[in-house]
Each structure stands twice: as C-alpha cells, then as structure tokens.
Asker: 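Structure below; questions to follow.
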Amino acid sequence: KLEHFQRIQDAAGRKKETERIAEKYPVQCEAIRLCLDRLFEAEKANVLNPDIPADIFGELMGKIFSVSSDEKGERLFNFGKALGKYIYILDAVLDVREDIKKQRYNPLIRTPSEMYGEILDMLMADCVERYNELEITQDSEIIENILFSGVWTQYEAALRRRKKK
C-alpha cells in the first residue's frame with residue numbers, strides 16, 4: 001500500500017510540474033501536443049516513408065528550440081528540426097531489428113540496412129550545417145563534441161553488439 005501511495009504522489013508531482021511548464025511555455029507545449037498527435041497518427045497508419053515521421057518529430061524539436069520569432073529563433077528552429085530528424089531516424093535504426101521481431105511500427109522496415117549509415121551521415125550533415133548558422137561561441141567545444149563525436153557513440157555501440165551476435 002505504501003508503494004501505491006508513493007506512485008500516486010509521484011504522479012501528482014509530475015502533473016504539477018507539467019502544468020507549471022505548460023504555463024511558462026504554452027506555445028511549445030501546444031506544438032509538442034500537436035506534433036505527438038500527428039506522429040501517433042502516422043505510426044498508427046503504418047507510414048513507411050521515414051521522412052514523414054522524422055519530419056514531424058523534427059518539427060517538434062524545432063518548436064522546443066525556438067523561443068522567439070526573430071531570425072535567431074528561426075535558425076534555432078531549423079537546428080532543432082534537423083537534430084530531431086536525426087534523433088528519430090537514429091532511434092528507428094537502433095530499434096529496427098527488435099521492432100521487426102515484435103511486429104512493432106518502424107518506418108525503416110523496408111529500408112535496406114546498408115543505407116542506414118549513409119542516411120544518418122546526411123541527416124547529421126544537415127545538423128552541422130544548421131548548427132554553423134547559429135554562430136555559437138559560448139560552450140561551442142562541448143556542443144561540437146556532441147555533434148561530431150557523441151551522437152555516433154550509441155550507433156557504433158549498436159553496430160558492435162550486432163557484429164558480436
């Protein structure tokens with residue numbers, strides 16, 4: 001009973017935090033809700049063109065990154081969108097075998113696995129191009145380390161695990 005009570009308290013705390021964030025960032029929260037609805041519909045319809053759900057998730061990320069409607073906000077949106085597309089496709093790549101086995105949705109089911117690296121390279125190239133448009137100086141070394149090295153770690157680790165199997 002104590003565990004059950006703790007779960008209820010945790011859920012209530014998360015709900016309050018969600019409400020606080022929604023009050024502070026109403027535009028972003030509404031965009032997230034709308035994009036998640038569209039993403040759910042694309043997945044439910046079993047859309048196998050990976051560009052469609054990746055673009056939706058990219059839009060979601062772009063809305064999160066963009067906090068203003070000026071030129072800088074537009075550049076942040078473009079970077080967030082490119083990064084979101086990369087993240088969505090990377091997740092699909094990493095999950096595709098398990099999704100096929102468990103008959104779950106994955107937009108890459110019909111995409112040959114030999115193309116995954118090239119697809120991810122192109123998406124990351126777009127991320128880097130959009131990042132360069134931001135003209136970031138503070139903490140640029142950290143961000144660039146993440147973009148040029150860190151994002152590949154998970155992908156390369158998954159490839160090594162597959163080769164071992």
Side-chain angles (χ1 to χ4, degrees), residues 3 6-7 10-11 14 17-18 21 25 28-29 31-67 75-165:
E3 267 182 45
Q6 183 63 45
R7 280 189 293 221
D10 290 347
R14 284 191 303 273
E17 181 65 12
T18 301
I21 291 168
Y25 303 102
Q28 286 85 355
C29 288
I32 290 168
R33 188 188 65 73
L34 292 172
C35 287
L36 288 177
D37 287 347
R38 289 176 42 218
L39 190 57
F40 174 77
E41 290 301 320
E43 291 178 356
K44 189 170 88 173
N46 201 36
V47 173
L48 295 180
N49 176 348
D51 292 332
I52 293 171
D55 195 60
I56 295 168
F57 191 76
E59 186 177 329
L60 181 154
M61 290 290 290
K63 296 286 187 178
I64 291 171
F65 275 62
S66 180
V67 292
R75 288 188 305 227
L76 282 165
F77 173 85
N78 291 336
F79 174 68
K81 184 170 184 173
L83 184 61
K85 290 169 76 170
Y86 176 84
I87 289 168
Y88 188 88
I89 295 299
L90 177 62
D91 184 64
V93 165
L94 295 176
D95 293 346
V96 72
R97 286 187 179 184
E98 190 71 16
D99 290 342
I100 290 169
K101 189 162 71 170
K102 294 188 176 181
Q103 298 183 337
R104 293 186 299 218
Y105 173 78
N106 190 307
L108 296 176
I109 287 174
R110 292 189 183 158
T111 305
S113 60
E114 300 81 38
M115 293 180 65
Y116 296 165
E118 185 179 327
I119 292 168
L120 291 170
D121 282 342
M122 289 188 314
L123 291 169
M124 183 48 64
D126 190 35
C127 284
V128 170
E129 183 178 336
R130 302 299 176 199
Y131 167 76
N132 287 332
E133 292 171 359
L134 294 175
E135 300 172 0
I136 291 177
T137 54
Q138 183 179 346
D139 299 323
S140 60
E141 297 87 12
I142 295 168
I143 297 168
E144 289 167 9
N145 184 48
I146 292 167
L147 284 176
F148 300 131
S149 175
V151 295
W152 295 106
T153 304
Q154 193 177 31
Y155 178 64
E156 290 168 354
L159 290 179
R160 284 192 297 276
R161 284 191 303 271
R162 287 181 188 157
K163 285 180 182 178
K164 285 182 182 180
K165 289 181 182 180

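The first residue in the sequence is number 1, and the count goes up from there.
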Asker: Under 3.5 Å, is there a donor-acceptor pair between the side chain of Tyr105 and the main chain of Val47?
Answerer: yes
Asker: Side chains of Tyr131 and Glu144: closer than 4.5 Å at any heavy-atom pair?
Answerer: yes
Asker: Do Lys81 and Asp55 make a side-chain contact, defined as non-hydrogen atoms from C-beta onward lying under 4.5 Å apart?
Answerer: yes
Asker: Rounded to the nearest 0.5 Å, how far does CD1 of Ile119 lie from CD of Glu114?
Answerer: 10.5 Å
Asker: Between Gln28 (side chain) and Ser66 (backbone), is there a donor-acceptor pair under 3.5 Å?
Answerer: yes
Asker: What is the distance from atom CD1 of Ile136 to atom CD of Glu141, rounded to the nearest 0.5 Å?
Answerer: 11.5 Å
Asker: Restricting to non-hydrogen atoms, name the atom on Cys35 and the atom on Ile56 that form the minimum distance, rounded to 0.1 Å.
Answerer: O-CG2, 3.3 Å
Asker: Give a yes or no on whether Glu98 atom CD has more than 12 heavy-atom contacts from other residues, nucleotides or ligands under 6.0 Å away.
Answerer: yes
Asker: Is Ile109 close to Asp99 at the side-chain level, that is, under 4.5 Å between some pair of heavy atoms?
Answerer: no
Asker: What are the two closest heavy atoms between Leu120 and Ile89, and how far apart are they?
Answerer: CD2-CG2, 3.9 Å
Asker: So Lys63 and Phe77, do their side chains get closer than 4.5 Å, heavy atoms only?
Answerer: yes
Asker: Could you check whether any side-chain heavy atom of Phe57 comes within less than 4.5 Å of a side-chain heavy atom of Asp91, counting everything from C-beta outward?
Answerer: no
Asker: Once you round to the nearest 0.5 Å, how far does CD of Glu118 lie from CG of Asp121?
Answerer: 7.5 Å
Asker: State the CD1-CG distance between Ile100 and Leu108, to the nearest 0.5 angstrom.
Answerer: 9.0 Å
Asker: Give, for atom CG of Leu123 and atom OH of Tyr86, the distance between the pair rounded to the nearest 0.5 Å.
Answerer: 8.5 Å
Asker: Specify the closest pair of heavy atoms between Thr111 and Tyr116, including all atoms of both residues, with the distance to one decimal.
Answerer: O-OH, 3.4 Å
Asker: With rounding to the nearest 0.5 angstrom, report the CE to CG distance, Met124 to Leu90.
Answerer: 8.5 Å
Asker: Are the side chains of Arg130 and Leu134 in contact, using a 4.5 Å heavy-atom criterion?
Answerer: no
Asker: Kindly give the heavy-atom pair with the smallest separation between Asn106 and Leu48, and that separation in Å.
Answerer: O-CD2, 3.7 Å
Asker: Using a strict threshold of under 4.0 Å (side-chain N to carboxylate O), is an ion pair present between Arg38 and Glu41?
Answerer: no
